[in-house]
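Reminder, nothing fancy here: chain letters follow the sequence lines and each chain counts from 1.
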Amino acid sequence: MPDRSRYYLTTAIAYANNQPGLHTLYEVVGSDVIARWHRMCGTPTRFLTGTDEHSVNISMKAAERGLAPREFVDEMVGLFKASEDRLGITPDRFIRTTDPDHVRAAQEMVRRAHRNGDIYLGTYEGWYCPNEGFRAASDLIEDATGFHCPNHPDVPLQWLTEKNWFFRLSAYQDRLERHYAEHPDWVEPEYRRNEMLGFIRQGLEDFSVSREEAGGWGIPFPIREDGSDALLPDGTPDPAAGTIYVWYDALINYITGAGFPDSPDEFARWWPADLHVIGKDIARFHTIYWPAMLWSAGIEAPRKVWIHGWLLVRGERMSKSRGNFLDPNAVVDVLGTDGARYVLLREVAFDRDSDVSWDSFVRRYNADLANDFGNLVNRTVSMAARYLGGERPDPRPADDAPLAARWPEAVARYRERVEGCRLHEALAEFAELVADANRTVDAEQPWVLAKAAREGDPAAGERLRGILGDLVETCRLLGLLVAPFMPSTAPRLLGQLGHDYGYGADGNRGPALLEELRWGAHVGEAGTLGTPEPLFPRLDVDPSAG
RNA sequence: GGCGGAGUAGCUCAGUGGUAGAGCAGGGGACUCAUAAGCCCUUGGUCGGUGGUUCGAAUCCGCCCUCCGCUACCA
């Protein structure tokens, strides 16, 4: 039974080795929508996103630029924050793995696992690139002469062994299988859950959690080989103890962001997380390693991990290394903040891979936003102002308003889809409501009623007022319904209708959304219609754009 | 190789036994409130192939072809 008194959700933290690509920010946009939905519904919400900043790679990349690692990642983080800001992302905390409380959290987790007997000294061996450190075999290029590092193909790889600490993942196999059985939807979509379960059933191996060398850029391992605290007499970390490796650094951010270990009360309030939104490339680490690491430290597993797919370009994964990625700033330049958010989450299914292109984005923007939704609002406000004057007409009672009939069920379906991470389906529901309203306009032909009224038909005038009142109300409801996706459009839309928009820039501090989404919630309140201005100017298709 | 999934209109997909569907794209029409938008109508598919079960299969079963996901230590 989910705790409805608060909602805590996270994205994966982005590797701060480059400027952000649209494919990286995709899950952040989707998560932001879910966060805003819960905030607007009045649930205290905590939304965490941020950056993963340690690794040999980053220290080398910084060195290439003549920068200290810290200077380098500060610059990258600035780029991430700037792009996220343009996309309307509103984290309650932007966490960095270089934050001091995160360093304490990671070290505390290592200590707990060690105390619990789940961390032991072992030997790690693998291919080692002198430039980058250990490389996974799956990342290497293999040819007739053997394995090569993809980034340094001319540098011979060495097969190295080093003494590392290992986490006893193998001890958690039974508990993991039980957890999957008892919480059948804790990993979604279902086909991902089945893949993870299949992996568990193959048998689990322990994994290493330390490295001897990380270019001086990592969280100091808090324990020496003899089990003593790895501190020098002056209180600084003992470099001989090595650094924490990957997962005991990156994954820990989710509990750091909830207050671990410094604020037990805060942590008790926000943990376990309701939702981790991640990409499929790191599914195993979140759905198998992570719960085991938490259990080892006496902490509950998160309630749900949602695994989204990738953005594809002509069938290939969008990625920085392929060079086929879109710059999120460019997308916002063309489509605007809300246009970019809408198109991204409507064109890309949140549960699987989807092909994207400028053409598909522009087409979707024009069809759904300019032609259907924006134009609906524009024609409604224009007609109401022209035929009835500046005062906002009230909707008819729900029983008399055909447009009201489907509303409660539609809201319920929409809510279920947003809360179930099926964001593209939520927007499909929204689009159907828009289409329904447009059909109503054409069926009722308010311009004909207006003419009849002018010629002295009082019944036509009555009907005209009712129809336009219903349409104005439908626009209000649509704007609020889709506000988590298009937060800057909603206040503009409501402004044109003469309604107040009571929510803050991040969706907090407003009236309970589900109350606002009731047909006729503001009947009887006076309001003045504003000037009709297109919310989404139609775009000319640029045939040269890829 | 093992496990799992998918092949349906130009594109993206829905449809699990009973006369082939939606959105977008294409064509035509009536209207005019509106961002030349909206609305109505419409072109278009031997539902991957093949054999079977059935009165009847996109839908169930067998075989084949093609594609995709997972199959361990990237940050």
Practice problem: Please state the P separation for the pair B:A6 and B:G62 - nearest whole angstrom. | Solution: 14 Å

Practice problem: Return the 5'-most residue of the pair A:Tyr289, A:Asn194 with respect to RNA chain B, ranking by each residue's nearest nucleotide. | Solution: A:Asn194

Quiz item: Partners of A:Arg104 by salt bridge (charged side-chain N to carboxylate O under 4.0 Å, His left out), sequence neighbours excluded?
Solution: A:Asp262

Exercise. Could I get the full list of salt bridge (charged side-chain N to carboxylate O under 4.0 Å, His left out) partners for A:Arg396, not counting sequence neighbours?
Key: A:Asp470

Quiz item: By ring-ring contact (aromatic ring centres under 6.0 Å, His included), which residues pair with A:Tyr15, not counting sequence neighbours?
Solution: none

Exercise. Considering only atom P, compute the distance from B:G4 to B:G18 and round it to an integer number of Å.
Key: 27 Å

Exercise. Go through B:A37, B:U71, B:A25 for me and flag the one nearest to the A:Asn371 side chain.
Key: B:A37

Practice problem: Sort out the partner of B:U66 for me: Watson-Crick or G-U wobble, both distances under 3.5 Å, none otherwise. | Solution: B:A6

Quiz item: What are the residues of residues 380-394 of chain A, sorted by number, that bring a heavy atom to within less than 4.0 Å of RNA chain B?
Solution: A:Ser382, A:Met383, A:Arg386, A:Tyr387

Please list, for nucleotides 39-43 of chain B, all pairs of protein and nucleotide N/O atoms separated by less than 3.5 Å.
{"from": "B:C39", "atom 1": "O4'", "to": "A:Asp442", "atom 2": "OD1", "distance (Å)": "3.1"}
{"from": "B:C39", "atom 1": "O4'", "to": "A:Asp442", "atom 2": "OD2", "distance (Å)": "3.4"}

Self-check item: Separation between the C1' atoms of B:A58 and B:A20, rounded to whole Å
Solution: 8 Å

Quiz prompt | A:Tyr124/A:Phe134 aromatic ring centres below 6.0 Å | solution = yes

Exercise. Under 4.0 Å between any heavy atoms, over every strand shown, what does A:Glu205 touch: base, sugar-phosphate, or nothing? Just pick one.
Key: base

Quiz item: Does A:Phe207 lie flat on the base of B:C73, that is, centres under 5.5 Å apart and planes under 30° off?
Solution: no

Quiz prompt | Donor-acceptor side-chain pairing of A:Thr51 and A:Glu53 below 3.5 angstrom | solution = yes

Quiz item: Partners of A:Glu416 by side chain to side chain contact (heavy atoms under 4.5 Å, CB included), sequence neighbours excluded?
Solution: A:Arg422

Quiz item: Taking atom types as they are modelled, is there a donor-acceptor pair under 3.5 Å from the base of B:A34 to the side chain of A:Asn378?
Solution: no

Practice problem: Between B:C74 and B:C64, how far apart are the P atoms? Round to whole Å, please. | Solution: 37 Å

Quiz prompt | Ring centers of A:Tyr342, A:Tyr365 separated by less than 6.0 Å | solution = no

Quiz item: Got a sec, which residues hit ring-ring contact (aromatic ring centres under 6.0 Å, His included) with A:His114, two or more places apart in sequence or on another chain?
Solution: A:Trp165

Exercise. For B:G7 and B:G48, measure between their P atoms and round to the nearest Å.
Key: 8 Å

Can you give me every donor-acceptor pair (side chain of residues 345-356 of chain A, partner residue at least two apart or in another chain, under 3.5 Å) with its distance?
{"from": "A:Arg346", "atom 1": "NE", "to": "A:Asp368", "atom 2": "OD2", "distance (Å)": "3.2"}
{"from": "A:Glu347", "atom 1": "OE2", "to": "A:Arg364", "atom 2": "NE", "distance (Å)": "2.6"}
{"from": "A:Glu347", "atom 1": "OE2", "to": "A:Arg364", "atom 2": "NH2", "distance (Å)": "3.2"}
{"from": "A:Asp353", "atom 1": "OD1", "to": "A:Lys280", "atom 2": "NZ", "distance (Å)": "3.2"}
{"from": "A:Asp353", "atom 1": "OD1", "to": "A:Trp310", "atom 2": "N", "distance (Å)": "2.7"}
{"from": "A:Asp353", "atom 1": "OD2", "to": "A:Lys280", "atom 2": "NZ", "distance (Å)": "2.9"}
{"from": "A:Ser354", "atom 1": "OG", "to": "A:Ala349", "atom 2": "N", "distance (Å)": "3.1"}
{"from": "A:Asp355", "atom 1": "OD1", "to": "A:Gly315", "atom 2": "N", "distance (Å)": "2.8"}
{"from": "A:Asp355", "atom 1": "OD2", "to": "A:Arg314", "atom 2": "N", "distance (Å)": "2.9"}

Quiz item: Touch check for A:Leu535, heavy atoms < 4.0 angstrom, all strands: base, sugar-phosphate only, or nothing?
Solution: base

Exercise. With P as the reference atom in both, quote the distance from B:U71 to B:U8 in angstrom, rounded to an integer.
Key: 27 Å

Exercise. Find the partner of B:A14: check Watson-Crick (N1-N3 plus N6-O4 or O6-N4) and G-U wobble (N1-O2, O6-N3) distances, both under 3.5 Å, and reply none if neither fits.
Key: none

Practice problem: With side-chain contact (heavy atoms from CB on, under 4.5 Å) as the test, would you mind laying out the steps for A:Leu497 and A:Leu493 before giving the verdict? | Solution: CA-CA 7 Å; A:Leu497 304 178; A:Leu493 193 166; 3.5 Å; yes

Self-check item: A:Phe325: partners by ring-ring contact (aromatic ring centres under 6.0 Å, His included), with sequence neighbours left out
Solution: none

Quiz item: For A:Ile58, which contact category applies under a 4.0 Å heavy-atom criterion: base, sugar-phosphate, or nothing?
Solution: nothing

Exercise. Just compare B:A72, B:C33, B:C13 and give me whichever is closest to any side-chain atom of A:Val441.
Key: B:C33

Quiz prompt | With sequence neighbours excluded, residues passing ring-ring contact (aromatic ring centres under 6.0 Å, His included) with A:His54 | solution = A:Trp217

Contacts under 3.5 Å, N or O only, protein and nucleotides 65-69 of chain B:
{"from": "B:G69", "atom 1": "O2'", "to": "A:Arg192", "atom 2": "NH1", "distance (Å)": "2.9"}
{"from": "B:G69", "atom 1": "O2'", "to": "A:Glu195", "atom 2": "OE1", "distance (Å)": "3.3"}
{"from": "B:G69", "atom 1": "O2'", "to": "A:Glu195", "atom 2": "OE2", "distance (Å)": "2.5"}

Quiz item: Which part of the nucleic acid does A:Tyr245 contact within heavy-atom distance under 4.0 Å: base, sugar-phosphate only, or nothing?
Solution: sugar-phosphate

Quiz item: More 5' along RNA chain B: A:Leu369 or A:Arg364, using each one's nearest nucleotide?
Solution: A:Arg364

Practice problem: May I ask you to say what A:Leu376 touches in the nucleic acid, namely base, sugar-phosphate or nothing, with a heavy-atom cut-off under 4.0 Å? | Solution: nothing

Self-check item: Proximity to the side chain of A:Phe536 - top-ranked nucleotide from B:U71, B:C73, B:U35
Solution: B:U35

Quiz item: Which part of the nucleic acid, if any, lies within contact of A:Ala136, taking any heavy atom under 4.0 Å across all strands shown: a base, the sugar-phosphate backbone alone, or nothing?
Solution: sugar-phosphate

Quiz item: Base, sugar-phosphate, or nothing: which does A:Gly374 touch, judged by heavy atoms less than 4.0 Å apart?
Solution: base

Practice problem: Provide the Watson-Crick or G-U wobble partner of B:U19, both distances under 3.5 Å; none if there is no partner. | Solution: none

Exercise. For A:Arg65, enumerate each residue passing the side-chain hydrogen bond (donor to acceptor under 3.5 Å, both in side chains) test, keeping only those at least two apart in sequence or located in another chain.
Key: A:Glu75

Quiz item: Given the C1' atoms of B:G44 and B:A9, what is the spacing between them in whole Å?
Solution: 6 Å

Quiz item: When you compare B:G29 with B:G17, how far apart are their C1' atoms, in angstrom units rounded to a whole number?
Solution: 39 Å

